[in-house]
Amino acid sequence: MVKIKHQWATFHKGRMKVKACATCGELHLPSNSEKECEGSDVLDSQIVKAGYRLYGGHSSLH
């Protein structure tokens with residue numbers, strides 16, 4: 001299995017914005033900045049279940 005680093009992106013819910021991995025949904029913290037991504041599905045992550053969506057200007061992950 002190929003090991004990749006987290007792909008940090010901005011997620012939003014209303015006016016709230018957080019940084020999380022676009023691949024697995026793990027929140028960006030100082031302790032995991034350089035760790036490898038688990039590669040699980042972001043759509044099954046807690047951040048998406050909490051109503052946050054990938055911030056992309058004109059398009060969003062629904």
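When a residue number appears, it is its place in the shown sequence, counting from 1.
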Contacts of Asp44 meeting side-chain contact (heavy atoms from CB on, under 4.5 Å) (sequence neighbours excluded), chain-then-number -> Asp41
Closest non-hydrogen atoms of Leu54 and Phe11, given as atom of the first, atom of the second and distance, are N-CD2, 3.6 Å
By salt bridge (Lys or Arg N to Asp or Glu O under 4.0 Å), Lys5 pairs with (sequence neighbours left out) Glu34
Output for pair (Lys3 NZ, Lys35 NZ), nearest 0.5 Å, gives 13.0 Å
Measure the shortest side-chain to side-chain distance between Arg53 and Val48 over non-hydrogen atoms and say whether it is less than 4.5 angstrom. yes
Contacts table for residues 13-31: side-chain donor-acceptor under 3.5 angstrom, sequence neighbours left out:
from	atom 1	to	atom 2	distance (Å)
Lys13	NZ	Ala50	O	2.7
Glu26	OE2	Asn32	ND2	2.6
His28	NE2	Ser33	OG	3.0

